[in-house]
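So the structure is just underneath, and the comments pick up after that.
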There are 2 protein chains.
Amino acid sequence: MTFYSPGQVVDKTGFSLDTLRYYERIGLLQEIGRTAGGRRRFTETDLLWLLLLRCLRDSGMPIAQMLRFVELTRGGDDTIPDRLTLLEEHDQQIDKQIARLRANQQQIQTKIRHYRSKLQPDR
Amino acid sequence: MTFYSPGQVVDKTGFSLDTLRYYERIGLLQEIGRTAGGRRRFTETDLLWLLLLRCLRDSGMPIAQMLRFVELTRGGDDTIPDRLTLLEEHDQQIDKQIARLRANQQQIQTKIRHYRSKLQPDR
DNA sequence: CCTTGACCTGGAGCCTGCTCCAGGTGCGAT
DNA sequence: ATCGCACCTGGAGCAGGCTCCAGGTCAAGG
């Protein structure tokens, strides 16, 4: 069984050490194992979970909703439909975000063209 | 000349009244005109500016950078190249955001498929 | 007139999501 | 042994971006 030190997890997930501890405190991670000396010892599973959290965070899911997801996960296989729903809704949120970004980008590009035409009146 | 009341601007821009006042305070809006009685009286120009701000905010530009943009705007036509640069950079930021969202969405969709397969083992 | 609802100001408060201390311990290398 | 660095805990602090409040004013309809 392979374990990861906090520092390794920082490197692999991009979360800061403080953020890892914070996530543990608020319940986004459950019961990280410890060495005899009291240091955290992350498993492969912990790591995968963290990578999923990273995905969700980076795609804009609020922590409150991630907590909901954690809760469901603790509820066993019966909650899979709910988890699925949660992820599907988030997936749609991402679509919306992308659409909004693109629409705003259109406007901004119009503005950019406007400025360019002011710089080079001909052509 | 057409003017807009605060309430109309709220409706047209989607910013709350408090946000409008806040933006004025921190300098994102310059000197909004007033009626005899002291109420704000937005011009068409103010409105267009606000709509641009909305675009920038909604596409993730931090307020500090919008302030930089305002400053440049106050600097007259000489700052057009700088403004152009700022917008072009932001435009690229948006591209990056979209790319990141897509990448994260891929992962999430993989997870979704995984859950689906758990629900319907066959087919 | 009077009421009522939109608006005014200054300043405090709030929510999210971390981030930073202070003071102490574990442990691999020299 | 002991140095030094990674790590520990509890709790405070911070940045960004609004949002709310109290106490007052303006103005249009009845």
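Values below: every heavy atom of this structure, side chains too, minus hydrogens, waters and symmetry copies. Computed from a prediction, not measured in an experiment: that's the story for all the values here. Letters go in sequence order (proteins before strands), and every chain restarts at 1.
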If only atom types and distance count, is the side chain of B:Ser5 paired as donor or acceptor with the main-chain N or O of B:Gln8 below 3.5 Å?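 Between the backbone of B:Gln8 and the side chain of B:Ser5 there is a qualifying donor-acceptor contact (under 3.5 Å).
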Take the protein atom [atom1] of [X] and the nucleotide atom [atom2] of [N], then report the distance between them rounded to whole Å.
| X | N | atom1 | atom2 | result |
| --- | --- | --- | --- | --- |
| B:Leu20 | C:dT9 | CG | P | 12 Å |
| B:Ile26 | D:dC18 | CD1 | P | 8 Å |
| A:Leu67 | C:dT16 | CG | P | 11 Å |
| A:Tyr22 | C:dC15 | OH | P | 13 Å |
| A:Glu24 | D:dG10 | CD | C1' | 14 Å |
| B:Met61 | D:dG17 | CE | C1' | 16 Å |

Please determine whether a side-chain nitrogen of the Lys or Arg among A:Arg116 and B:Glu88 lies less than 4.0 Å from a carboxylate oxygen of the Asp or Glu.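 Salt bridge present between A:Arg116 and B:Glu88.
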Between A:Arg34 and A:Glu24, does any side-chain N to carboxylate O distance fall below 4.0 Å?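 Judged by the 4.0 Å cut-off on N to carboxylate O distance, A:Arg34 and A:Glu24 do form a salt bridge.
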Options [options], nucleotide nearest the side-chain atoms of [X]:
| X | options | result |
| --- | --- | --- |
| B:Arg25 | D:dT19, C:dG17, D:dA12 | D:dT19 |
| B:Leu17 | D:dC18, C:dC8, D:dG17 | C:dC8 |
| A:Arg21 | D:dC8, C:dG17, D:dG17 | D:dC8 |

Mutual orientation of the aromatic rings belonging to B:Phe69 and A:Tyr115 [parallel < 30°, tilted 30-60°, perpendicular > 60°]: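 Perpendicular, since the angle between the ring planes exceeds 60°.
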When you measure from the centre of the six-membered ring of A:Phe15, is the NZ or CZ of A:Arg54 closer than 6.0 Å and no more than 45° off the axis?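 Verdict for A:Phe15: a cation-pi partner in A:Arg54.
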Would you please name every residue forming a ring-ring contact (aromatic ring centres under 6.0 Å, His included) with A:Phe42, sequence neighbours left out?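 Not a single residue meets the ring-ring contact (aromatic ring centres under 6.0 Å, His included) criterion with A:Phe42.
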Residue-phosphate contact under 4.0 Å: [X] side-chain N/O, [N] OP1/OP2:
| X | N | value |
| --- | --- | --- |
| B:Thr19 | D:dT19 | yes |
| A:Ser5 | D:dC7 | yes |
| A:Tyr23 | C:dC18 | yes |
| B:Ser16 | D:dT19 | yes |

Nearest-nucleotide comparison on DNA chain D, the residue closer to the 5′ end among B:Arg57 and A:Pro6: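 Closest to the 5' end, via its nearest nucleotide, is A:Pro6.
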Other ILVMFWY residues reachable from A:Leu48 by side-chain steps of under 4.5 Å: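 Via sub-4.5 Å side-chain contacts, A:Leu48 links to none.
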Is there, by distance only and without an angle test, a donor paired with an acceptor across the side chain of B:Asp18 and the base of D:dC20 below 3.5 Å?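 When only heavy-atom distances are counted, B:Asp18 does reach the base of D:dC20 through a donor-acceptor pair under 3.5 Å.
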Hey, does A:Phe15 reach any base, or is it just sugar-phosphate, or nothing, if we go heavy atoms under 4.0 Å?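 No contact at all - A:Phe15 keeps every heavy atom at 4.0 Å or more from the nucleic acid.
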Using a 4.0 Å cut-off on heavy atoms, which residues in residues 27-51 of chain A reach DNA chain C? List them by number, or say none.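 Within this stretch, A:Gly37, A:Arg39 sit under 4.0 Å of the strand.
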